[in-house]
Amino acid sequence: MRYPFSEIESKWQKYWEDNKIYRTNLSDTDKKLYTLVMFIYPSGAKLHCGHWYNYGPTDTWARYKKLKGFNVFEPMGYDAFGLPAENYAIKTGIHPFDSTITNINDIREQLKKMGCMYDWDSELMTCVPKYYKWNQWLFLQLYKKGLAYRKNAPVNWCPKDQTVLANEQVQSDGTCERCGTLVIQKNLTQWFFKITDYAEELLKGLNEINWPDKTKSMQRNWIGKSTGTEVKFKVDNSDETITVFTTRPDTLFGVTYVVIAPEHPLVDKLTTPEFKEKVASYKDSIKSLTEIERTSTVKEKTGVPIGSYAINPVNGEKVPIWIADYALLTYGTGCVMAVPAHDERDFVFAKKFNLPIRKVILGGDNTKPEDEFDAAYTESGTMINSGSFNGLASNNGIDSISDFLEQNNLGKRKTNFRLRDWLISRQRYWGTPIPIIHCPKCGEVPIDEKDLPLELPYDVEFNPSGESPLASNKTFMNVKCPKCGSEAKRDPDTMDTFVDSSWYYFRYLNPDFTSNIFDTDLAEKWTPVDMYVGGAEHATMHLLYARFIHKFLRDLGYANSDEPFTNLIHQGTITNQGAKMSKSKGNVVNPDKFTLEYGSDVFRLYLMFMGPYELGGDWSDKGITGSDRFVQRTYELFNRFPKILERVSPIPKYEITQLFEEEKSCYRKVNETIKKLDEELNNFRFNTAIAAMMELLNELTKNIEKCNADIQAYALVRFGVMLGPIAPHLAEECMEIIGLKESIFKNPVWFEPDAEALIKDSVNIAVQINGKLRTTIELPLNSEQSSVKEVVFQDEKIIKNLDGKQIVKEIFVKNKIYNIVVR
RNA sequence: GCCGGAGUGGCGGAAUUGGUAGACGCGCUGGACUCAAAAUCCAGUCUGGCUCACACCAGGUGCCGGUUCGAGUCCGGCCUUCGGUACCA
């Protein structure tokens, strides 16, 4: 009979739900295991293959741990605020709240049909006041500590989505992470979270977590710590001082000009009258360029001198001051000392504008002071042309010159980070309102915590106008100042949705908690998250923000750990014809097609069997029949032994030497599979785990009929339990068929392999001549060299191959090879 | 440019510390069952040579070189490809 997946899957899903099999007892923290997947964005596109690939295998891991006796907590929820719902509303007129709730209801049904062991009592969504109230609370705590602040700054603006974006949300080609539109720069007053205060700790903490190296290194690069020295250059005929940041103070004597970012406030002050016009027109010319064009490494560098001169603090030399597009206002001091001889960018610039190049380091191929360069020498070496520092190794020169500068108050050591503060305001409707009132008299006034939540009004004109939709809602905007009572305005912006996701894992523990952001008693016991699984695309966004907020909450006394996610795994990306699946490309594969035809166990199995989990791969449904056949054959196998457990009770261990051949073969394979599966599942190697199960099925199909009933029961029970994580519905059904009375997930059990069954009595030894395989011989396990040798030299093929040759050496590796080296 | 991952049959992919390359699955070929088909089951399937067949021989893990008795695995130099990043002083 064909496996009736549809009835059976709904039967067990109902059973699991009715019996609350997956309700986690959070008060039992012995062997607690918090397994989490990145929560789902409830778009109209519903569950796609990528979600399945994330959730299915992770649930297999969670179920495996559950059977191993862990108290597993595996929740699911909805990252429900965000742009797509609002864009959908603009297009269709359907309110974001309504479409989001509809989508959530649909997606919940889809999720339940996947058959994951989610604790549905812990479900949460971010778009409801009982959740986002705590975003506002969190904002206020950050505000109190000076970590939430407003400033006017050049920001990334997406013309299509009509909102600002964080640096992290702008892709490397300068386009919007969400919609792919080219991002432009705008000066706006925006809210920031001061993540930079935690830069050093965010960097150090990476050493303490078990995350993919790639992700850690991406975060390291993103944080971009750089240690160097700030050097003060006096300006000739002026009281102003230019402070530059350099990582190479050892090249200070090689400075031949100084560059300031064109937008730097000093530029106007230092431009001499005769250069005013040139400078103004240069600034105009780069204004029209986007940040990306301006900072493109391909583009030729441009710049103009501004007429004044800076004085090198170590040698008193006057060098011209330039403005150039390659100096960035947002990094360091916005001013650069240029050393063309030892910096690539300065070199190219100096060549182009005929500025002097002075060598101060010798080393490598660069051995003669008078030789001309065709490229900058950026390595270390011996210092020359550097006054009293001549002859010093430049590596030491870094310290010596820094010391000199600090002692003479000409500069100081400084650490810079590439990381910028997190821009969190968005000029959009569908998000958390910012709990600040702007009073003409008192300025920024935070809302009193007891007045939270500040609810997002339902009736809002959300067509994009470049202004926050909330601004047009008078009843929302107009408010009395809580401090002085005068007419004031609310902040019209909403928060970046990454604020929602930066602490949601705490909230799952009790999503209905009302007296605080989350239940801190539970949080202390259950966080950090033990295993977090989600896409690598969040490496420098969500995964960085969550670490920051976690540390902040810890500092408030709300968490007792330093990091939110102890272990992290990224599932690979499933592509279609080489391209990322996306609605706009029209290459999205709908999982329903397969779950309706084969059932969710088969689909889950197939996704896991495709290849290594972290690699992903290109979608193809070619092999899904293989997973289907595995399920069919398994079902048939169990149906051959109905209620066998009511007739016999296998003992935990059999003496393998007492079994006859087929029994021995089944018994051994069962125990080998337990061992293999244990290792593979534990390490997210689902493809090889399933291969092992297929091997076991092949073995049992072939030999189980010939075994005694107690061995049959022994094998089937183990096979069924191992099936539990990888095909849960099928496993429950199979176990019921053979007479188990209760769900294996209600009374979790996992079998240990019988060590004696894993020891083979004979092994194949490869016999090689000069490393080339000539034959294999079967011998008892652990045969010594002398006895192996005896057999080897009686072998016809070996005798033939050795004919006329001189034996130089023989190499023997026990149970593996016997290699004869000849001449 | 820089950082990281990946290159193995027709395809997805397996291979402990270097020790029998191609597990498992798909597909394909042949056979059984069937009036026939589907499904299922059995056998074969890295390439080339030779053979009725078994056997046997040679070659083979992106390319070139090296270390070693022995390299898919280690080392050096490339090529292709997929991610990330973009003048960060």
Side-chain angles (χ1 to χ4, degrees), chain A residues 2 171-174 212-218 220-222 224-226 228 244-248 251 259 292 294-299 301 324-328 330-339 343-346 348-349 416-420 536-537 539-540 570 572-573 575 578 580 605-606 609-612 614-627 629-630 632-633 636 679 685 687-695 697-698 701 764-777 797 800 808-822:
Chain A
R2 253 192 94 73
Q171 293 172 311
S172 56
D173 60 354
D213 287 339
K214 182 185 158 181
T215 310
K216 291 204 269 189
S217 98
M218 276 170 71
R220 277 189 200 104
N221 291 337
W222 192 261
K225 181 179 179 175
S226 127
V244 302
F245 173 75
T246 180
T247 53
R248 292 294 300 274
T251 63
V259 189
I292 293 302
R294 233 190 89 184
T295 60
S296 160
T297 45
V298 184
K299 188 185 137 299
K301 299 179 196 334
D325 53 2
Y326 80 93
L328 305 175
T330 44
Y331 185 77
T333 61
C335 307
V336 184
M337 62 178 223
V339 186
D343 180 279
E344 275 171 47
R345 293 152 302 176
D346 299 342
V348 171
F349 195 80
N416 268 327
F417 293 92
R418 209 190 78 121
L419 183 71
R420 313 288 160 80
E537 65 274 15
T540 55
H570 298 306
T573 313
T575 54
K580 223 177 214 169
L605 276 166
Y606 179 59
F609 190 57
M610 269 175 45
E614 274 135 303
L615 270 170
D618 205 46
W619 172 258
S620 153
D621 57 12
K622 280 276 190 324
I624 196 165
T625 49
S627 305
R629 289 209 265 257
F630 172 75
Q632 301 299 339
R633 291 177 54 211
E636 269 168 40
E679 282 166 11
R685 290 194 294 256
N687 55 332
T688 44
I690 292 168
M693 288 294 281
M694 287 173 167
E695 286 189 46
L697 175 62
N698 290 344
T701 315
N764 272 322
I765 293 177
V767 185
Q768 304 177 332
I769 292 174
N770 286 351
K772 275 190 181 166
L773 181 72
R774 289 300 165 200
T775 189
T776 60
I777 50 178
K797 281 179 222 153
K800 210 176 84 194
V808 181
K809 194 159 135 188
E810 286 160 60
I811 292 144
F812 174 68
V813 180
K814 197 181 259 187
N815 300 326
K816 287 239 165 92
I817 56 145
Y818 197 101
N819 187 15
I820 304 161
V821 186
V822 298

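Just so we're on the same page: letters track the sequence lines, and every chain starts at 1.
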message = Going by the rule side-chain hydrogen bond (donor to acceptor under 3.5 Å, both in side chains), which residues pair with A:Thr247 if we only count those two or more places apart in sequence or in a different chain?
response = none

task = State whether the side chain of A:Asn770 and the backbone N or O of A:Lys772 hold a donor-acceptor pair below 3.5 Å, judged by distance alone.
result = no

Taking all heavy atoms of [X] and all of [Y], pick out the closest pair and write down the distance.
| X | Y | answer |
| --- | --- | --- |
| A:Asn416 | A:Tyr331 | CB-OH, 3.6 Å |
| A:Met337 | A:Thr251 | CE-OG1, 3.8 Å |
| A:Thr776 | A:Ala766 | CG2-CA, 4.2 Å |

Where the side chain of [X] is defined as all heavy atoms beyond and including C-beta, which of [options] is the nearest nucleotide?
| X | options | value |
| --- | --- | --- |
| A:Arg418 | B:rU85, B:rG13, B:rA89 | B:rU85 |
| A:Lys301 | B:rA86, B:rC87, B:rG13 | B:rC87 |
| A:Leu615 | B:rG5, B:rG13, B:rC56 | B:rG5 |
| A:Arg420 | B:rA58, B:rC87, B:rC88 | B:rC88 |

Spacing between [X] atom [atom1] and [N] atom [atom2], to the nearest angstrom:
| X | N | atom1 | atom2 | answer |
| --- | --- | --- | --- | --- |
| A:Leu697 | B:rU40 | CG | P | 13 Å |
| A:Asp618 | B:rG12 | CG | P | 10 Å |
| A:Met218 | B:rG4 | CE | P | 13 Å |
| A:Asp325 | B:rC87 | CG | P | 11 Å |
| A:Leu419 | B:rC88 | CG | C1' | 12 Å |
| A:Ile820 | B:rG70 | CD1 | C1' | 13 Å |
| A:Glu537 | B:rU85 | CD | P | 12 Å |
| A:Asn770 | B:rG70 | CG | P | 8 Å |

Does a donor on one side chain sit under 3.5 Å from an acceptor on the other, for [X] and [Y]?
| X | Y | value |
| --- | --- | --- |
| A:Asn698 | A:Arg633 | yes |
| A:Arg420 | A:Thr330 | yes |
| A:Tyr606 | A:Asp621 | no |
| A:Tyr818 | A:Glu810 | yes |
| A:Asp618 | A:Thr575 | yes |

Check the interface with nucleotides 16-26 of chain B: list each N/O to N/O pair with the protein under 3.5 Å, or write none.
| unit_1 | atom_1 | unit_2 | atom_2 | d |
| --- | --- | --- | --- | --- |
| B:rU17 | O4 | A:Lys816 | NZ | 2.8 |
| B:rG19 | N2 | A:Gln768 | OE1 | 3.2 |
| B:rU20 | O4 | A:Asn764 | O | 3.4 |
| B:rA23 | O2' | A:Glu695 | OE2 | 3.1 |
| B:rG25 | OP1 | A:Asn698 | ND2 | 3.1 |
| B:rC26 | OP1 | A:Arg629 | NE | 2.8 |
| B:rC26 | OP1 | A:Arg629 | NH2 | 2.7 |
| B:rC26 | O3' | A:Thr625 | OG1 | 3.4 |
| B:rC26 | O2' | A:Lys622 | O | 2.9 |

inquiry  = Show me, range against range, the stems involving RNA chain B, built from at least 3 consecutive Watson-Crick or G-U pairs below 3.5 Å.
reply    = B:1-7 with B:79-85, B:10-12 with B:24-26, B:27-32 with B:40-45, B:46-49 with B:56-59, B:62-66 with B:74-78

For [X] and [N], is the shortest distance between a side-chain N/O and OP1 or OP2 below 4.0 Å?
| X | N | answer |
| --- | --- | --- |
| A:Arg345 | B:rC88 | yes |
| A:Ser226 | B:rA89 | yes |
| A:Lys772 | B:rG59 | yes |

ask   = A:Gly332 or A:Arg685: which one's nearest nucleotide on RNA chain B is closer to the 5' end?
value = A:Arg685

message = Please classify the nucleic acid contact of A:Arg774 as base, sugar-phosphate, or nothing, using heavy-atom distances under 4.0 Å.
response = sugar-phosphate

message = Roughly how many Å apart are B:rG30 and B:rG76, using the C1' atom of each and rounding to a whole number?
response = 49 Å

query = Taking syn as any angle within 90 degrees of 0 and anti as the rest, which one fits B:rG70?
reply = anti

